[in-house]
Amino acid sequence: MLTEDWPIPNHDPGFKALFLHAAVGILVQDPAGKIEMANPHAAALFGYQPSELTGQSFEELLPHHIRHKYRDAFLHAPGSSPLGINMDLDICKKDGSLIPVQVCFACYNLDNTSKIAAFISDISMRKRTADQLSEEITERKKAEQDLQRLNEELENRVKEKTKELLEFVSLKKAFMEIKSRFVSTASHEFRTPLSIILSSNHLIGKYTLTEQQEKREKHIRRIDTAVKNLNSILNDFLSVEKLEQGKIIPSITSFNFPEFINNLIDELRWLVKPGQQIIYSHHGDSVVAFDKQIVSNIFLNLLSNAIKYSEINVEVFSTVTNSDITLSVADKGIGIPEGEQGRIFEKFFRAKNAENIQGTGLGLNIVKGNLELINGSLQFTSNQDRGTTFTVVVPHPTVNGAGYLS
Amino acid sequence: MKSILVIENDRLILENTVEILELENYLVYGCTNGQEGIEKARESKPDLILCDIGMPSKDGWEVLQELRCDPGIGKTPFIFLTAYSEKIQMRKGMEMGANGYIIKPFFGEELLEIVQTQLNRVTANNLNI
């Protein structure tokens with residue numbers, strides 16, 4: 001339809017030009033809210049023919065929830081006011097779809113009749129852009145959050161790896177330290193028995209006369225003792241290695257306990273000092289079922305310590321009851337300084353007062369490791385310069401009870 | 001007859017060392033700890049001292065330090081006989097004024113040779129050769 005033919009009353013040409021060519025929809029309503037005039041832009045905006053809008057209630061173009069607001073604000077108290085500026089207002093098109101608009105109302109009098117003009121701008125493009133922008137912002141925020149999360153994850157992984165690396169470095173350091181202690185202890189401890197072997201061997205070579213047989217025999221015995229000592233040092237190192245590698249698997253056999261202990265005491269005769277005695281007493285049953293090697297590892301270490309660290313008699317007690325075996329070794333030797341008692345099970349630890357007595361510092365660590373294998377417990381009392389008593393209690397192994405048979 | 005003081009806390013090493021030296025006609029004194037060794041050195045004024053390092057009641061370092069300050073026996077040849085085999089320990093011994101450092105285990109001949117060399121050096125010094 002040509003704008004010249006638009007159905008509007010005869011207004012002045014200026015109004016007509018503004019009304020017909022404005023790029024904003026204009027609807028003029030009577031005081032009852034009926035549309036009297038609609039410009040081409042308004043018709044196009046709502047999808048109506050110009051004649052279809054005229055006579056229609058403006059309110060019907062509004063969504064239900066704001067109709068009362070409109071009624072209260074303009075029909076009952078008319079004035080000049082924007083409605084919907086800076087807010088999304090949806091208006092119903094002819095086809096029922098909604099279109100976001102910005103509406104501004106103006107009231108005026110013409111021939112003593114009040115009129116309401118509505119200026120309607122299509123903001124769908126702006127809204128779409130705003131929506132897109134908002135979507136982009138949301139996406140960007142999400143991307144930023146993702147990036148932050150990835151950063152945090154990366155940071156955590158770096159922290160975790162650094163921790164692992166530090167643990168590895170510290171483990172490696174500890175391992176190197178133990179290895180170095182191992183080498184220096186082995187080197188130092190081997191030198192004493194080797195010195196005895198070499199010097200006794202030298203002396204045997206000097207005693208060539210028949211009547212010097214006794215002297216030769218004395219030195220042969222010294223060589224024997226030194227070799228046993230070397231063997232014992234080697235066994236200490238091997239025991240620690242086996243315990244650490246989990247290579248000791250308890251194996252149970254039946255045997256006579258006091259007889260076995262007596263044999264072990266005999267094995268250490270070479271270590272006994274002149275005038276020193278080992279006094280052994282046993283109570284309770286004799287036959288037990290245990291791992292002999294583990295009992296031997298525990299007892300020989302406790303007994304050799306008692307012999308080494310005292311000058312006088314060492315007492316050994318054992319008791320076999322229905323539930324367990326108790327074995328104690330008591331000496332009246334140099335004792336363990338109170339401040340160092342907490343460290344005696346550490347590998348290579350030597351108490352200050354024992355530094356000059358031959359020893360690897362592994363014995364009690366071996367005792368502890370072996371006891372753990374058979375669910376045994378250990379207690380000790382010690383007073384410096386008065387002596388030490390170690391007491392070991394080991395439950396009888398049963399298939400399900402002590403556990404190590406399973 | 002030259003006299004030698006052996007200070008060594010391992011009973012068997014001490015006995016064997018004393019025996020090796022006695023068979024070569026030295027007059028030998030034996031002590032099993034540092035303090036006892038210092039007292040014996042002051043009392044017997046040996047021609048040479050063989051001393052262990054790791055010992056109870058004053059170690060070898062302390063024995064050497066104390067004896068070197070004693071005008072009566074400060075110049076007596078002093079040889080460490082020890083299981084301390086690290087170079088740093090050996091250097092420490094020599095820097096403290098020891099005349100020799102024998103690391104265990106030692107051969108009898110090696111011991112006798114070092115002892116003899118030290119005693120000869122003292123004799124040569126005394127004769128201003």
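Convention: sequence-line order gives letters A, B, ...; per-chain numbering from 1.
Rounding to the nearest 0.5 Å places CD of A/Gln358 at 9.5 Å from CG of B/Asn9. We find the CG-OG distance between B/Leu81 and A/Ser195 to be 7.0 Å, quoted to the nearest 0.5 Å. Within the model, atoms OH of A/Tyr207 and CD of B/Glu19 stand 3.0 Å from one another, a figure rounded to the nearest 0.5 Å.
With ring centers used as reference points, B/Tyr84 lies under 6.0 Å from A/His188.
Of the atoms belonging to B/Ile102, not a single heavy atom falls under 4.5 Å from chain A. With a 4.5 Å cut-off on non-hydrogen atoms, B/Leu23 touches chain A through its side chain but not through its backbone. With a 4.5 angstrom heavy-atom cutoff, B/Glu8 does not touch chain A via any of its atoms. When heavy atoms are compared at a cutoff of 4.5 Å, A/Ser200 approaches chain B by way of both its backbone and its side chain. In this structure, chain B has heavy atoms under 4.5 Å from both the backbone and the side chain of A/Ile196.
The number of heavy-atom neighbours closer than 6.0 Å to CD of A/Glu167, taken from other residues, nucleotides and ligands shown, is above 12. Taking a 6.0 Å sphere around CD of A/Glu214, one finds it holds 12 or fewer heavy atoms contributed by other residues, nucleotides or ligands. In this structure, B/Lys45 places its NZ atom where more than 12 heavy-atom neighbours from other residues, nucleotides or ligands lie under 6.0 Å away. Within a 6.0 Å radius of NZ in A/Lys332, no more than 12 heavy atoms belonging to other residues, nucleotides or ligands are found. Heavy-atom neighbours of B/Ile88 CD1 from other residues, nucleotides or ligands within 6.0 Å: at or below the threshold of 12. Within a 6.0 Å sphere centred on CZ of B/Arg42, heavy atoms belonging to other residues, nucleotides or ligands number more than 12. With a 6.0 Å radius and a threshold of 12 heavy atoms from other residues, nucleotides or ligands, B/Gln116 has its CD atom above the threshold. The neighbour count for B/Glu113 CD, taken as heavy atoms of other residues, nucleotides or ligands under 6.0 Å away, does not exceed 12.
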Can you check side chain to side chain contact (heavy atoms under 4.5 Å, CB included) on B/Leu111 and A/His202, steps first, answer last? CA-CA 11 Å; B/Leu111 171 76; A/His202 172 92; over 6 Å; no
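Chain B forms the most heavy-atom pairs under 4.5 Å with one residue out of A/Arg191, A/Glu189, A/Lys273, and that residue is A/Arg191. Of the listed residues (B/Asp52, B/Asp59, B/Leu12, B/Asn33), the one with the most heavy-atom contacts under 4.5 Å to chain A is B/Leu12. Considering only heavy-atom pairs separated by less than 4.5 Å from chain B, the leading option among A/Ile197, A/Leu203, A/Thr192, A/Asn201 is A/Leu203.
No side-chain heavy atom of A/Arg222 sits less than 4.5 Å from a side-chain heavy atom of B/Ile13. Residues A/Ser199 and B/Thr17 form no side-chain contact, since every pair of their non-hydrogen atoms from C-beta on lies 4.5 Å or further apart.
Closest approach of B/Arg11 and A/Pro274 over heavy atoms only: NH2-CD, 4.0 Å. Nearest approach of B/Phe107 to A/Leu198, heavy atoms of both residues: CE2-CD2, 3.4 Å.
Look at A/Lys218 and B/Glu15 and you find no salt bridge, because none of the NZ, NE, NH1 or NH2 atoms lies under 4.0 Å from a carboxylate O. We find that A/Lys206 and B/Glu22 are not joined by a salt bridge, their nearest charged nitrogen and carboxylate oxygen being 4.0 Å or further apart.
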